[in-house]
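First comes the structure, then the notes that go with it.
The first residue of the sequence shown is numbered 1, and numbering continues consecutively from there. Quick caveat, the model's predicted, so the values are computed rather than measured. Indexing begins at 1, ligand by ligand and atom by atom, following the structure's order. Side chains included, hydrogens not; waters and symmetry mates left out as well; all remaining heavy atoms used.
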Amino acid sequence: MKPAMQAWVGMALLASAAFGGDLMPPGAPAATMKTLDQIEARKPISSIPFTIGEPGSYYLTQDLGPGAEGLNGITIQANNVTLDLNGFTITGPGKESPGFADGIVASAANSNIAVFNGAVCGWPGAGINLASPGTIVHHIRAQDNGTGINGNASASVTDCACQGNGTGINYAGRIVNNICSTNAVGINAGSVITGNYCGGNTDAGIKGNYGAVVTENVCENNGGDGIFAYGGATVTKNCCRNNQGDGIEVDYGSTVSGNNCSINREDGVQALSSCRITENTCWVNGNDGDGAGVHVTGTGNTIQQNHCTQNDRGLDVDSFNNYSCQNTLSNNTTAIEGTHTQGAGDLANVSF
Ligand SMILES: [Ca+2]
Ligand SMILES: [Ca+2]
Ligand SMILES: [Ca+2]
């Protein structure tokens with residue numbers, strides 16, 4: 001063939017390969033129907049009371065309840081359970097109902113449980129009560145229960161909203177990014193307590209566990225202290241304002257640093273003994289009551305570089321063997337009350 005003809009035939013063959021389909025059938029047709037397990041492998045829950053007796057993934061098909069007096073809603077008696085509330089609500093017999101009933105409950109005998117994506121309301125015990133180690137509670141709304149969410153030391157509670165409960169969130173290792181308002185206590189006995197909003201609770205906004213790390217929370221308009229923490233706590237970068245108790249109160253051996261405590265009825269920061277209290281801004285504490293910017297009631301505390309203005313007392317030191325230095329004190333009714341060791345020279349407290 002001439003070169004031009006060779007090129008034409010080559011192009012025709014290429015076109016045939018590209019556009020002329022194969023005439024041979026591809027073999028027997030495959031089944032196209034899916035089984036129910038392939039469409040929804042999870043197990044449905046359509047009524048309460050319900051017991052989960054084996055591991056697996058479960059979901060609600062509808063709102064459930066109201067539950068009967070004295071009966072739990074969903075009881076988990078297995079390890080490795082994932083429970084998706086699927087956007088629905090489990091309603092109990094009412095917060096004041098006689099008998100003890102939880103919305104969702106698992107004991108310490110089981111572990112590795114996750115509950116998320118829905119609401120629990122009106123349970124006289126807890127909305128969610130997971131004493132099991134290794135639990136995750138996420139995106140839950142708990143309203144008007146005895147306790148909103150009850151966990152354990154290795155539980156994580158995140159992005160939940162708890163309102164109108166006795167305690168909003170009680171006892172969890174990690175309590176992060178929740179809203180706890182209009183409960184008696186917002187958050188009680190947590191260990192890592194970060195990024196929460198606790199407002200309008202009738203008692204304290206947050207009560208931390210021994211050794212708690214409490215950071216970057218806002219606690220305002222509570223009937224008790226904004227934050228109360230037991231011994232060995234680290235309390236940093238919180239805003240505690242307009243609480244009827246202290247902005248922050250800590251027990252022994254705690255660090256309280258970089259917080260803003262304003263317009264509280266009692267002290268901005270109150271500490272017992274062996275604490276380090278640094279770089280807090282305390283403004284207008286003792287508002288409508290009696291309080292100091294920083295108040296230590298025991299011994300062995302260091303009070304350094306706090307800025308206290310317009311309090312009844314800037315610093316109030318009740319006992320011997322305390323040290324203060326480099327605090328700046330302005331416009332307090334009394335700048336410093338109580339005899340203690342004060343820094344000198346560059347370390348002196350400054351009143352202006
Ligand atoms: Ca207090
Ligand atoms: Ca006052
Ligand atoms: Ca005093």
Side-chain angles (χ1 to χ4, degrees), residues 167 183-190 193 198-210 212 214 217-235 238-256 259-275 277 280-303 306 308-324 327 329-342 349 351:
T167 297
N183 306 281
V185 175
I187 293 171
N188 185 54
I193 305 174
C198 295
N201 300 286
T202 55
D203 189 351
I206 293 173
K207 288 186 177 177
N209 216 342
Y210 290 93
V214 185
N217 304 282
V218 173
C219 296
E220 62 179 7
N221 308 326
N222 297 290
D225 297 333
I227 295 171
F228 176 88
Y230 291 100
T234 302
V235 181
N238 302 281
C239 173
C240 295
R241 60 178 292 280
N242 199 34
N243 299 288
Q244 292 298 302
D246 305 309
I248 297 169
E249 181 181 339
V250 293
D251 263 5
Y252 298 88
S254 295
T255 300
V256 181
N259 302 283
N260 190 305
C261 296
S262 302
I263 327 176
N264 298 287
R265 189 178 179 88
E266 297 180 351
D267 300 317
V269 175
Q270 185 186 113
L272 184 52
S273 293
S274 304
C275 293
I277 303 152
N280 302 285
T281 300
C282 298
W283 173 63
V284 194
N285 296 287
N287 182 50
D288 277 339
D290 183 71
V294 175
H295 182 191
V296 296
T297 57
T299 63
N301 299 288
T302 288
I303 308 165
N306 300 283
C308 299
T309 58
Q310 293 179 255
N311 307 281
D312 292 332
R313 292 167 296 287
L315 304 185
D316 186 353
V317 180
D318 289 352
S319 188
F320 61 93
N321 196 26
N322 290 292
Y323 175 67
S324 74
N327 298 284
L329 310 160
S330 176
N331 257 331
N332 303 285
T333 307
T334 302
I336 300 177
E337 181 180 285
T339 304
H340 65 284
T341 305
Q342 296 187 37
N349 296 307
S351 296

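The backbone N or O of Asn285 lies less than 3.5 Å from a partner atom in the side chain of Asn311, making a donor-acceptor pair. In this structure, the side chain of Asn259 does not engage the main chain of Asn280 through any donor-acceptor pair within 3.5 Å.
Between the side chains of Asp267 and His295, a donor-acceptor pair is found at a separation under 3.5 Å. Between the side chains of Gln310 and Asn331, no donor N or O sits under 3.5 Å from an acceptor N or O. Counted by atom type alone, Thr167 and Asn188 present zero donor-acceptor pairs between their side chains at under 3.5 Å.
Closest approach between the Ca ion (ligand 3) and any N/O/S atom of Asp318 involves OD1. Atom OE2 is the N, O or S atom of Glu337 at the shortest distance from the Ca ion (ligand 3). Atom OD2 is the N, O or S atom of Asp246 at the shortest distance from the Ca ion (ligand 1). Distances from the Ca ion (ligand 1) to each N, O or S atom of Glu249 single out OE1 as the nearest. Nearest to the Ca ion (ligand 3), among the N, O or S atoms that Asp316 has, is OD1.
The nearest pair of heavy atoms linking Val235 to Ala229 is CG2-CB, 4.3 Å.
Contact check on Arg265 versus Asp290 returns no salt bridge, with no Lys/Arg side-chain nitrogen under 4.0 Å from an Asp/Glu carboxylate oxygen.
Evaluation of the side-chain hydrogen bond (donor to acceptor under 3.5 Å, both in side chains) rule for Asn242 yields Asn221 as partners, not counting sequence neighbours.
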Would you sort out whether Asp246 and Asn264 count as a side-chain hydrogen bond (donor to acceptor under 3.5 Å, both in side chains), showing the intermediate values? CA-CA 6 Å; Asp246 305 309; Asn264 298 287; over 6 Å; no

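Counting backbone and side-chain atoms alike, Glu266 contributes no N/O/S atom closer than 3.0 Å to the Ca ion (ligand 1).
Here the protein contributes Gly286 O, Gly289 O, Asp312 OD1, Asp312 OD2 as N, O or S atoms under 3.0 Å from the Ca ion (ligand 2).
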